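Everything numeric here is computed off the predicted structure, so don't read it as measured data.
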Amino acid sequence: MRLHTTTWGSGDRIALLVHGIMSDHRTWRRVGPALAERGYRAVGVDLRGHGASGRAERPEEYTPWDHADDLVETLPARAELAIGHSLGGLALAYAVERLAPRRAVYADPAWHLPAGEEGYRPELFTQGKSLTRDHIRILNPRWAAEDLDIETETIRLWDERTAHGLVPSVGADLWPVKPAVPSLVLLADPSVLVRPEDARTLEERGFRVRSIAGAGHTLHRDDFDGFMTALDEWI
């Protein structure tokens with residue numbers, strides 16, 4: 001599937017931005033322009049089932065591998081930088097060898113979906129369709145008002161069947177064996193997706209791992225300055 005894209009800037013260097021579940025390219029509303037100021041042409045996608053991109057016919061066509069194939073179909077290869085958040089980090093990990101960016105950044109990536117009663121349950125995400133702006137504000141107290149408005153709209157547009165497309169991955173070992181390109185993993189503090197022992201394993205496998213103090217899962221919205229500082233140190 002060819003995905004909808006939005007571009008910030010016109011620099012010679014290309015940066016790819018891949019959002020997480022329930023969002024779209026607008027989650028990068030500050031990151032895209034900031035990269036443009038640094039000389040990048042930043043390209044943000046809407047994953048299938050999100051934003052202005054197409055919808056799959058069946059829930060089982062929303063697997064991480066489908067998302068990864070869409071990225072390869074849509075985005076230019078050999079970009080200077082690729083950033084994926086949460087589900088976007090999972091999809092990017094499966095596309096990164098084919099996209100071959102110079103560097104990759106995985107922001108609190110969803111590389112493990114635990115099984116069991118306390119694990120990943122798609123119905124918990126599908127209930128998110130009923131979230132109001134006030135609910136989102138309570139869940140994300142550090143977000144700016146504009147981000148609350150955007151998330152309210154992106155949830156309205158989101159195809160909740162994407163949550164069911166992740167079910168075949170539940171309990172599977174999705175951890176990358178090694179970085180295909182020099183890779184930075186940025187984590188929430190604490191991260192509910194990447195435990196400290198997982199972070200150590202990733203470091204042993206060759207990933208650079210860093211936490212952003214006090215930030216929640218959506219790092220770039222919780223602490224934009226902290227996110228950009230970590231990014232600047234890496235790029």
Side-chain angles (χ1 to χ4, degrees), residues 1-57 61-110 146-147 149-163 165-166 180-181 183-184 186 218-221 224 227-228 231 235:
M1 183 182 293
R2 292 282 294 184
L3 303 175
H4 175 267
T5 63
T6 296
T7 301
W8 297 271
S10 56
D12 294 332
R13 297 180 296 169
I14 298 174
L16 312 178
L17 304 175
V18 189
H19 65 82
I21 196 168
M22 301 171 71
S23 291
D24 63 25
H25 71 276
R26 288 174 289 179
T27 190
W28 306 110
R29 69 173 183 89
R30 297 183 69 188
V31 176
L35 288 171
E37 291 175 357
R38 289 158 172 77
Y40 288 89
R41 176 161 60 91
V43 182
V45 300
D46 293 349
L47 294 173
R48 65 167 62 189
H50 298 75
S53 285
R55 273 49 183 161
E57 294 184 3
E61 295 174 342
Y62 282 121
T63 70
W65 300 277
D66 292 313
H67 291 304
D69 289 344
D70 293 344
L71 295 180
V72 175
E73 175 72 16
T74 304
L75 296 173
R78 292 174 292 281
E80 181 80 10
L81 176 67
I83 305 175
H85 170 244
S86 194
L87 171 62
L90 176 58
L92 177 59
Y94 284 115
V96 71
E97 287 192 16
R98 288 173 286 170
L99 286 174
R102 187 174 176 213
R103 290 174 182 254
V105 176
Y106 301 98
D108 223 29
E146 187 172 349
D147 287 311
D149 294 337
I150 288 172
E151 192 74 356
T152 303
E153 172 65 10
T154 56
I155 288 174
R156 185 186 68 80
L157 294 174
W158 169 58
D159 183 353
E160 64 268 33
R161 297 180 304 157
T162 61
L166 295 174
V181 299
S183 299
L184 171 66
L186 288 177
T218 311
L219 311 166
H220 52 285
R221 282 171 150 171
F224 170 73
F227 181 84
M228 292 307 301
L231 200 57
I235 63 178

Item to check | salt bridge (Lys or Arg N to Asp or Glu O under 4.0 Å) involving R48 - partner list, sequence neighbours excluded | outcome: D70
Checklist entry - Looking at side-chain heavy atoms only, is the closest gap between W158 and D24 below 4.5 Å? => result no
Checklist entry - How about E153: does its CD atom have over 12 heavy atoms from other parts shown lying under 6.0 Å from it? => result yes
Checklist entry - What residues, two or more places apart in sequence or in another chain, satisfy salt bridge (Lys or Arg N to Asp or Glu O under 4.0 Å) together with R41? => result none
Checklist entry - Which heavy atom of A95 sits nearest a heavy atom of A68, and at what distance? => result CB-O, 3.7 Å
Checklist entry - Are side-chain heavy atoms of P101 and V96 found at a separation under 4.5 Å? => result yes
Item to check | Nearest heavy-atom neighbours spanning G165 and P64 | outcome: O-CD, 4.3 Å
Checklist outcome for this item: Those residues at least two apart in sequence (or on a different chain) that pass ring pair (Phe, Tyr, Trp, His ring centres under 6.0 Å) with Y40 are none
Next on the checklist: Quick one, W8 and L35 - any side-chain contact, counting heavy atoms below 4.5 Å?
Outcome noted: no
Next on the checklist: Counting C-beta onward and ignoring hydrogens, is there a side-chain heavy-atom pair between T154 and D46 closer than 4.5 Å?
Outcome noted: no
Checklist entry - How close do L87 and L166 get, heavy atom to heavy atom, and via which atoms? => result CD1-CD2, 3.8 Å
Next on the checklist: Any donor-acceptor pair under 3.5 Å linking the side-chain atoms of T152 with those of D149?
Outcome noted: no
Item to check | Distance-minimising heavy-atom pair for A163 and I21 | outcome: CA-CD1, 4.1 Å
Checklist entry - Quick one: which of H50, H220, H85 gives a ring pair (Phe, Tyr, Trp, His ring centres under 6.0 Å) with H19? => result H50
Item to check | Y106 OH to L184 CG distance, which is reported to the nearest 0.5 Å | outcome: 10.5 Å
Checklist entry - Any sub-3.5 Å donor-acceptor pair from R161's side-chain atoms to E61's backbone N or O? => result no
Checklist entry - How far apart are the closest heavy atoms of F227 and A107, and which atoms are they? => result CE1-CB, 4.3 Å
Checklist entry - Restricting to pairs with a member in residues 29-38, which pass salt bridge (charged side-chain N to carboxylate O under 4.0 Å, His left out), not counting sequence neighbours? => result R29-E146, R29-D147, R38-D232
Next on the checklist: Any non-hydrogen side-chain atom of L3 less than 4.5 Å from a side-chain atom of L71?
Outcome noted: yes
Checklist outcome for this item: All heavy atoms of G32 vs all of A42, minimum pair found to be O-CB, 4.0 Å
Next on the checklist: Run the side-chain hydrogen bond (donor to acceptor under 3.5 Å, both in side chains) test against T6 and tell me which residues pass, sequence neighbours left out.
Outcome noted: H25
Checklist entry - Hey, what do you get for CG (L75) to OG1 (T5), rounding to the nearest 0.5 Å? => result 7.5 Å
Checklist entry - Is it the case that more than 12 heavy atoms not belonging to R102 sit under 6.0 Å from its CZ atom? => result no
Item to check | N/O donor-acceptor pair under 3.5 Å between S53 side chain and G51 backbone | outcome: no
Item to check | Under 3.5 Å: donor-acceptor pair, side chain of T7, backbone of V43 | outcome: no
Next on the checklist: Using 0.5 Å steps for rounding, measure from the CG atom of L16 to the CD1 atom of I83.
Outcome noted: 9.0 Å
Checklist entry - How far does CD1 of I155 sit from CD1 of I150, to the nearest 0.5 angstrom? => result 12.0 Å
Next on the checklist: Is the shortest side-chain heavy-atom distance between T162 and L47 below 4.5 Å?
Outcome noted: no
Item to check | Residues in salt bridge (Lys or Arg N to Asp or Glu O under 4.0 Å) contact with R98, at least two apart in sequence or another chain | outcome: D69
